[in-house]
Amino acid sequence: MSHSIIASQLDPQVNQALREQLVDHEVIDIAPGQLALEVPADVFIVRPINVRGHRVDTPPPGWPWSLRWVQLVSSGIDFYPDWVFQGAPVTSGKGANAEQVAEFALALVFAAAKQLPELWVKDADWRLTPLAQLRGRTLGILGFGSIGQSLARKASALGMHVLALSRPGQPIAEVPGVQRAEDLQQLFAGSDHLVIAAPLTAATRGLVDRKVLASARPGLHLINIARGGLLDQEALLEALDSGLIGRASLDVTEPEPLPAGHPLYHHPRVFLSPHTSAISEDGYPVFLERFLENFSRYREQQPLHNLVDAQRGY
């Protein structure tokens, strides 16, 4: 195989870091959203395409060109149209952002327990407020991949009980102190805080519905850092209004962004962030490390890690 040409939608400084590591190959800057390659690239690093109401359901002329490998920046594949998976092998960024997403989820747990930012005072009206402990409370985790496992280790170190449920047929990874839930109802009934960290697939869309929410421990703090489509938002609003769900911290919604005036913007017990938990000021160090490892495998014609199964949905 001759030298590779890598077309990359990563930030220019990240692409420069790739050039410094791959001096015998060529890295071409491609603007995010640009889907027409004017170079005979064999590798394409591509950002999410169908985002913020924008859709590209028709492949660009000549797709998949001369590509032999497509690397997705994100862990999930739901922001990419079907045609991306019709051609060269596709790998995902699964696990590359696990630590910062787990930290963000844990920060949301702390914020709820310690009543932040509501606790901060701005005048002399000081009122002593009893705060909840995390030690001894139960953290539920729906989806036990890289993010769920990282979160479980962090929560266990704080003295929390951890109750986890993975996708059907997949055993819970061996993480000390983690108890396996038998089903969704047991997971929701047994948790004080519950983090949704599962992939969005045809089988999991709308998974957390009215029936599941009805089984929640009263006052449950529900956190979604996965995908908005996993959660029935109308059912969530009803559960919040009834008091069954005490607080909802949502880094993801469906659609994104929500339309102006949506009730989730204004509900007093909903805390929204703009799908930012995976974005780190450190850039893409783990992603680059894993890409470079996979690039070596690609050059040696070995099986790639994190290959996507489009039928499975991840």
Side-chain angles (χ1 to χ4, degrees), residues 10-11 14 45 47-48 51-52 71-80 91-113 116 134 138-158 160 162-167 170 172-173 175 178 187 191-201 204-205 207-208 221-231 247-254 256-257 270-291 305-306 308 313-314:
L10 296 173
D11 298 335
V14 183
I45 303 175
R47 291 179 182 269
V51 291
R52 301 188 182 279
Q71 170 68 60
L72 309 183
V73 172
S74 64
S75 299
I77 71 170
D78 49 302
F79 290 144
Y80 296 88
T91 56
S92 75
K94 182 173 64 175
N97 299 316
E99 290 300 321
Q100 58 253 41
V101 176
E103 288 178 2
F104 189 86
L106 191 59
L108 296 175
V109 172
F110 270 110
L116 303 174
L134 295 188
T138 298
L139 176 67
I141 303 175
L142 174 57
F144 210 60
S146 300
I147 294 170
Q149 292 171 43
S150 174
L151 181 57
R153 288 189 288 269
K154 291 172 171 50
S156 293
L158 292 168
M160 299 188 75
V162 179
L163 186 62
L165 181 64
S166 192
R167 56 182 176 267
Q170 178 172 336
I172 290 294
V175 177
V178 174
L187 181 69
S191 301
D192 298 296
H193 305 265
L194 193 150
V195 177
I196 301 174
L200 178 62
T201 68
T204 61
R205 178 169 291 279
L207 182 65
V208 182
H221 175 207
L222 184 62
I223 300 168
N224 191 359
I225 45 81
R227 291 291 189 269
L230 290 157
L231 174 62
R247 181 183 180 110
S249 299
L250 309 175
D251 189 48
V252 291
T253 61
E254 190 171 76
E256 293 182 358
V270 172
F271 298 81
L272 285 175
S273 52
H275 202 153
T276 195
S277 61
I279 302 173
S280 170
E281 64 181 14
D282 295 330
Y284 299 86
V286 179
F287 177 89
L288 288 183
E289 177 184 335
R290 295 185 178 183
F291 173 79
H305 294 312
N306 287 343
V308 167
Y314 49 89

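Remember, predicted model here, so these are calculated numbers, not experimental data.
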- [ ] Kindly write out the residues that satisfy side chain to side chain donor-acceptor pair (under 3.5 Å) with T138, not counting sequence neighbours, or none if the list is empty.
- [x] none
- [ ] For E254, enumerate each residue passing the salt bridge (charged side-chain N to carboxylate O under 4.0 Å, His left out) test, keeping only those at least two apart in sequence or located in another chain.
- [x] R205
Open item on the list: My understanding is that only residues two or more places apart in sequence, or in another chain, count here; which of them pass side-chain contact (heavy atoms from CB on, under 4.5 Å) with S150?
Closed with: E99, A102, R153, K154
Task: Check: T91 and V308 side chains under 4.5 Å, non-hydrogen atoms - done: no
TODO: Using the test side-chain contact (heavy atoms from CB on, under 4.5 Å), find all partners of T253 that sit at least two apart in sequence or belong to another chain.
DONE: Q233, E256, L258, L272
Task: side chain to side chain donor-acceptor pair (under 3.5 Å) partners for S277, two or more places apart - done: D251
Open item on the list: Between T201 (side chain only) and T204 (backbone N and O only), is there a donor and an acceptor less than 3.5 Å apart?
Closed with: yes
Open item on the list: Test of understanding: with side chain to side chain donor-acceptor pair (under 3.5 Å), list the residues that count as partners of R47, not counting sequence neighbours.
Closed with: D11, Y284
Task: Qualifying residues under side-chain contact (heavy atoms from CB on, under 4.5 Å), relative to A107, sequence neighbours excluded - done: none
- [ ] Find the distance between CZ (F287) and CD1 (I45) and round it off to the nearest 0.5 Å.
- [x] 5.5 Å
- [ ] Decide yes or no for Y314 and S92: does some side-chain heavy atom of the first lie under 4.5 Å from some side-chain heavy atom of the second?
- [x] no
Open item on the list: Restricting to side chain to side chain donor-acceptor pair (under 3.5 Å), what partner residues turn up for S249, sequence neighbours left out?
Closed with: H221
Task: Pairs satisfying salt bridge (charged side-chain N to carboxylate O under 4.0 Å, His left out), at least one member in residues 276-291, at least two apart - done: none
Open item on the list: The criterion is side-chain contact (heavy atoms from CB on, under 4.5 Å); which residues satisfy it with A226, sequence neighbours excluded?
Closed with: I196, N224, L230
Task: Smallest separation among heavy atoms of A96 and V286, with atom names - done: O-CB, 3.4 Å
Task: Residue list, salt bridge (charged side-chain N to carboxylate O under 4.0 Å, His left out) with R247, at least two apart or on another chain - done: E118
